[in-house]
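Index from 1, following the sequence. Counting starts at 1 for both ligands and their atoms, following the listed order. The figures here come from the full heavy-atom set of this structure, side chains too, leaving out hydrogens, waters and symmetry mates. Small disclaimer: the values here were computed from a predicted structure and weren't measured.
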Amino acid sequence: MRQILITGGAGFIGSHLTRTLLERGDAVSILDNLSTGRLENVDDFIGHERFSFAFDDIRNEQVLDRLASQAHVIVHLAAAVGVELVVERPAETIETNVLGTHLVLEAARRYRCRTLVASTSEVYGKGVRIPFDEEDDLLLGPSSRSRWCYAASKLLDEFLALATYREYELPVTIIRFFNTVGPGQTGRYGMVIPRFVGQALRGEPLTVYGSGMQSRCFCHVADTVEAVLAIIDASDSTAGQIYNVGSTNEISINALAQAVIERSDSASTIKRIPYNEAYGPGFEDMERRVPKVDKIRGAVGWTANRTLEEILDDVIDYERKRLRRPEQRHGR
Ligand code: UDP
């Protein structure tokens with residue numbers, strides 16, 4: 001039995017990962033301050049003999065040290081995420097992401113933990129060569145635009161993780177997640193699929209930002225969890241490496257809105273909202289974002305298998321149940 005510490009374990013990806021690890025017999029401790037994570041994500045595990053929950057900030061070094069001392073593997077997911085949150089609170093984003101990762105890597109070094117650091121497709125910034133390859137040059141916007149602080153802070157996390165691998169031989173792997181979606185994700189911080197599904201189920205217009213011609217590749221969280229497990233299990237062969245993890249099925253946001261309306265049998269319409277109204281002046285969106293996934297396929301044989309239809313059906317099902325609970329009705 002292995003002890004896995006998941007920072008940000010009450011978040012969307014973290015809670016799905018926790019469930020799968022517990023099901024396969026591992027022990028899981030999570031560290032989460034519930035800033036964007038939710039208690040309801042981990043409700044099912046409370047009382048499980050192989051599960052423990054530390055309600056604290058990753059910047060609490062004592063708690064982090066104690067949890068790391070007991071762990072074989074650390075999956076570092078705790079971060080400020082979601083474009084809206086990042087634009088609203090850039091200082092907090094930078095501090096949480098950079099200082100948090102620094103402390104996690106230090107603790108991992110002390111106890112020689114196998115470590116995974118979550119990064120993001122945002123680091124590809126305004127890259128135009130599709131699909132995005134892990135070795136591509138990266139093109140970020142100016143520091144006068146808060147949006148880029150997320151990518152820049154995560155990039156620094158990547159440099160720090162790779163430096164720790166090289167200088168201290170800590171077995172650490174970086175995953176760049178691309179638009180992970182599925183049941184349990186909240187639309188509160190701007191994520192498009194839970195927002196569209198919530199709007200469709202409530203009969204409200206779906207808010208498409210900009211022209212709606214921008215496109216994304218959405219990856220079911222169950223596929224994402226399989227990628228994380230494959231990397232944990234591959235152990236040292238993936239150390240010191242960066243992997244894209246995402247789907248390669250591309251869809252425009254217009255087509256996504258249409259698909260959500262159809263699959264939820266909704267009478268909602270589509271409403272276009274200019275970017276400056278949605279995110280404030282000067283916001284820059286990415287037109288396309290498609291990962292190249294040859295590297296992870298070659299290393300551990302992983303590819304995303306679930307279709308967009310499966311994703312939408314799972315999210316619609318989850319949100320329908322959620323809406324039936326009276327206390328959730330007004331939540332986005
Ligand atoms: N988006 C939208 N309406 C919404 C929320 C998001 O049109 O209510 C768009 C957003 O501008 C972006 C895409 O959907 O082009 C994906 O947004 P999300 O925040 O889910 O992820 P991102 O790819 O921006 O990290």
Side-chain angles (χ1 to χ4, degrees), residues 11-13 36 79-88 93 97 118-127 130-132 140-141 145-155 175-202 204-221 224 244-261 264 266 268-291 308 311-312 315 319 331-332:
F12 166 56
I13 298 177
T36 55
V81 287
V83 173
E84 277 190 15
L85 178 74
V86 164
V87 171
E88 275 167 26
T93 299
N97 293 357
S119 185
T120 168
S121 57
E122 280 270 324
V123 300
Y124 291 103
K126 304 192 214 184
I130 299 286
F132 293 150
L140 302 189
R145 308 237 160 121
S146 310
R147 177 206 228 286
W148 300 108
C149 78
Y150 179 47
S153 64
K154 278 292 171 187
L155 207 49
I175 297 184
R176 290 181 178 163
F177 292 117
F178 281 67
N179 292 82
T180 307
V181 291
Q185 187 176 37
T186 163
R188 202 174 307 142
Y189 306 104
M191 275 76 174
V192 67
I193 289 190
R195 283 185 80 128
F196 279 3
V197 169
Q199 290 163 339
L201 295 182
R202 292 191 298 269
E204 298 167 2
L206 273 61
T207 52
V208 169
Y209 299 161
S211 68
M213 299 292 284
Q214 72 272 30
S215 63
R216 296 291 186 270
C217 300
F218 295 98
C219 185
H220 196 300
V221 65
T224 307
N244 288 338
V245 167
S247 157
T248 51
N249 290 327
E250 194 176 3
I251 185 169
S252 74
I253 300 303
N254 280 328
L256 175 71
Q258 209 54 55
V260 169
I261 289 173
S264 60
S266 167
S268 288
T269 53
I270 291 175
K271 181 179 168 192
R272 297 240 150 66
I273 299 188
Y275 281 119
N276 57 0
E277 255 177 60
Y279 297 114
F283 181 80
E284 301 177 287
D285 200 13
M286 284 77 166
E287 269 306 298
R288 297 179 68 195
R289 187 190 276 160
V290 184
L308 183 70
I311 293 174
L312 294 183
V315 177
E319 292 295 337
R332 278 200 281 176

SG-CG distance between Cys219 and Asn179, expressed to the nearest 0.5 angstrom: 9.5 Å
Is a side-chain donor-acceptor pair under 3.5 Å present for Ser215 with Glu287? no
Taking only heavy atoms of Tyr279, which atoms of ligand 1 are found under 4.0 Å from at least one of them? 6 (C), 10 (C), 11 (O)
Atom 9 (C) of ligand 1 sits nearest the protein heavy atom Gln214 NE2, 4.0 Å
Just let me know how Val192 lines up against ligand 1, side chain, backbone, both or neither, with a heavy-atom cut-off below 4.0 Å. both
Approximate separation, where rounding is to 0.5 Å, of Phe196 CZ and Ser266 OG: 12.0 Å
A student checking ligand 1 against Met191 at a 4.0 Å heavy-atom cut-off should list atoms 19 (O), 20 (O)
For a quick test of reading the model, state the closest non-hydrogen atom pair linking Ala151 to Val123 and the distance between them. O-CG1, 3.7 Å
Side-chain contact, heavy-atom cut-off 4.5 Å: Ser121 with Arg289? yes
For Gln199, is the nearest heavy atom under 4.0 Å from an atom of ligand 1? no
Are Lys271 and Glu204 within salt-bridge range, i.e. N to O under 4.0 Å? no
What is the closest protein heavy atom to atom 19 (O) of ligand 1, and at what distance does it sit? Gly190 O, 3.3 Å
Contact atoms of ligand 1, heavy-atom distance to Ile253 under 4.0 Å: 7 (O), 13 (C), 14 (O)
Partners meeting salt bridge (Lys or Arg N to Asp or Glu O under 4.0 Å) with Lys126 (sequence neighbours left out): Glu284
Electrostatic pair Arg176-Glu122, nearest N-O below 4.0 angstrom: no
Write out the residue and atom name of the closest protein heavy atom to atom 8 (O) of ligand 1, then the distance separating them to 0.1 Å. Thr207 OG1, 3.0 Å
Can you confirm whether Ile193 sits close enough to Phe218 that some side-chain heavy atom of one is under 4.5 Å from a side-chain heavy atom of the other? yes
Is it the case that ligand 1 has an N or O less than 3.5 angstrom from some N or O of Tyr275? no
For atom 7 (O) of ligand 1, closest protein heavy-atom neighbour: Tyr209 N, 2.8 Å
For atom 15 (O) of ligand 1, the protein heavy atom that lies nearest, with its residue and separation: Asp285 OD2, 2.6 Å
Just let me know how Arg216 lines up against ligand 1, side chain, backbone, both or neither, with a heavy-atom cut-off below 4.0 Å. side chain
Apply ring pair (Phe, Tyr, Trp, His ring centres under 6.0 Å) to Phe178 and list each qualifying residue two or more places apart in sequence or on a separate chain. Tyr124
Mind checking whether Val208 has an N or O less than 3.5 Å away from an N or O of ligand 1? no
Distance under 4.0 Å to a non-hydrogen atom of Asn179: what atoms of ligand 1 satisfy this? 21 (O), 22 (P), 23 (O)
Under 4.0 Å from one or more heavy atoms of Arg289, ligand 1 contributes atoms 22 (P), 23 (O), 25 (O)
